[in-house]
*Asks:* 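This structure is in structure tokens; I'll ask about it shortly.
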Amino acid sequence: MRFDLISIFPDYFTPLTLSLMGKAEDAGLVTLAAHDLRQWATGKHRSVDDTPYGGGAGMVMRADVWARALDDALATPLACENAEAATASCRRVLAIPTPSGTPLTQPVVEDLARADQIIVACGRYEGIDARVAQHYRAAGVEVLEFSIGDYVLNGGEVAAMVLTEAVARLLDGFMGNPDSLVEESHSGAGLLEYPVFTKPREFRGLVIPDVLVGGNHAAIERWRRDLAIEKTAAVRPDLALELRAESLGREDRATLAACGVAYPREGSARPVSIRHGEPGDAAQLSALAARTFPEACPPELPRAAIDAFIAAELGPDMFEAMLADSTRHRILVAQIDAHLVGYTLTIVGQGAIPPELVCPGRVEADAAYLSKCYVDAPWRGSGIADVLVEAAARDAAEHGHASLVLGTNRANKKAQAFYKRHGFRRRSTRTFDVGGVLNHDVVMVRDLTRTGNPTLA
Ligand code: ADE
């Protein structure tokens with residue numbers, strides 16, 4: 001790949017002859033040509049700038065001088081033109097650094113790495129006459145006006161070096177170890193990189209995490225991925241909302257949701273908050289319960305029975321009463337924008353477990369009871385249910401319970417697998433009445449005295 005860097009200060013580019021970049025040039029992988037714009041200036045003073053039309057501060061770089069330089073650069077013969085196929089053509093990009101350009105991101109850089117020649121036109125002063133970009137675009141040249149960040153530099157040279165290094169290091173053969181490119185920030189899913197550590201194992205009282213020396217590669221990979229997600233959500237919430245959804249697995253989504261970012265089955269990610277239910281939530285909770293409860297019922301349950309249960313147990317008045325009594329009923333909600341998209345209801349305190357669940361000697365009579373955990377259909381698989389269950393378990397433990405019990409339909413294997421991932425173990429069965437029809441559940445219990453999130457263990 002050939003880089004033509006044009007500036008009134010070509011010496012700026014000397015550092016590009018050092019390190020890996022210098023080696024790549026020696027190896028013939030890249031050609032770096034720095035040019036002094038004044039070569040193309042005319043007149044006694046070889047002036048490259050003039051006052052702006054319309055007035056204002058500073059000077060503007062002249063289009064005619066730049067055009068002579070760029071015509072020459074664009075006419076440079078390239079190796080790709082000698083390719084065997086008669087139709088082979090070279091991709092030449094005219095890159096113009098400017099704080100008003102499009103952000104130079106990794107995807108942009110990855111695309112530029114497929115070019116044959118990049119000509120960087122480095123402006124100084126107030127910039128280059130706007131007709132330069134206009135003219136070359138109209139002439140069919142690929143023009144990229146780019147910015148390396150929301151701040152203003154004295155000129156485009158530093159930005160040109162940033163682009164050159166970011167592009168060149170992606171070329172085949174540039175990196176000693178191409179694996180280094182795989183997991184770095186902004187690559188792959190679009191996550192920032194996880195923290196890295198080397199010897200000594202202890203440094204000024206800071207010891208590296210045990211998982212990194214345990215030899216369990218799957219656990220190390222999971223740990224790194226979780227930290228990358230947490231870092232991205234904390235430092236760059238904008239990036240956390242723009243990840244490549246197809247690259248996110250179930251555990252990634254759960255970690256993201258725990259960081260307040262929910263990826264739906266379809267559509268864009270949204271910030272999600274998990275909080276305690278408030279009196280004003282009753283109407284929305286009732287509607288959410290009425291939407292989600294039927295989906296959790298076994299197919300043999302008649303609609304009339306389901307409706308009767310909803311009317312008797314899930315009306316706004318029922319939720320109002322429960323929300324008013326937080327010593328007994330603990331409601332946690334997941335909110336996206338102004339909408340409640342999930343909730344858990346846990347009964348705490350003495351005698352929380354419904355009698356049909358208490359199976360002497362098998363289910364702890366002083367357990368808390370996770371009565372409901374529902375998430376709206378579009379948000380299933382987003383990790384919201386994982387966060388809700390973990391929050392409910394923490395809440396029950398804070399209320400002095402040593403275990404959490406639930407019943408879930410025996411045919412619903414997905415729900416059972418979900419609760420198993422969250423540390424629940426099957427203990428017994430129960431039958432209970434939904435609108436006059438008997439329903440068969442498995443009863444699962446989670447020990448709350450063991451700390452940590454079982455999903456991440
Ligand atoms: N020239 C001056 N500031 C710049 C920036 N932030 N990015 C690219 N070119 C520039």
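Counting starts at 1 for both ligands and their atoms, in listed order. Note that the structure is a prediction, hence the values are computed from the model and not measured.
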*Asks:* Please set out all donor-acceptor pairs under 3.5 angstrom arising from side-chain atoms of residues 149-160, sequence neighbours excluded.
*Replies:*
unit_1, atom_1, unit_2, atom_2, d
Tyr151, OH, Ile148, O, 2.8
Glu157, OE1, Arg124, NE, 3.1
Glu157, OE1, Arg124, NH2, 2.8
Glu157, OE2, Ser7, OG, 2.6

*Asks:* Check whether any side-chain heavy atom of Arg46 lies under 4.5 Å from a side-chain heavy atom of Val48, and answer yes or no.
*Replies:*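 In short, these two side chains do not touch, never coming nearer than 4.5 Å.
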*Asks:* Could you check whether Trp66 and Asp129, counting side-chain N and O atoms only, form a donor-acceptor pair closer than 3.5 Å?
*Replies:*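 Checked: Asp129/Trp66 side chains show no N/O donor-acceptor pair below 3.5 Å.
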*Asks:* Out of curiosity, Ile96 CD1 to Phe146 CZ, how far, rounded to the nearest 0.5 Å?
*Replies:*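 It is 9.5 Å, given to the nearest 0.5 Å.
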*Asks:* Is it the case that Glu390 and His422 place a side-chain donor and acceptor less than 3.5 Å from each other?
*Replies:*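 A pair is found: one side chain offers a donor N or O, the other an acceptor, under 3.5 Å apart.
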*Asks:* Heavy-atom contacts with ligand 1 below 4.0 Å: which residues, ordered by chain and residue number?
*Replies:*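 Lining ligand 1: Pro97, Thr98, Pro99, Phe146, Ser147, Ile148, Gly149, Tyr151, Val152, Leu153, Gly155, Ala159.
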*Asks:* Is a side-chain N or O of Arg450 found less than 3.5 angstrom from the main chain of Gly423, in a donor-acceptor match?
*Replies:*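 Not at all, since once roles are kept as given, no pair shorter than 3.5 Å links the two residues.
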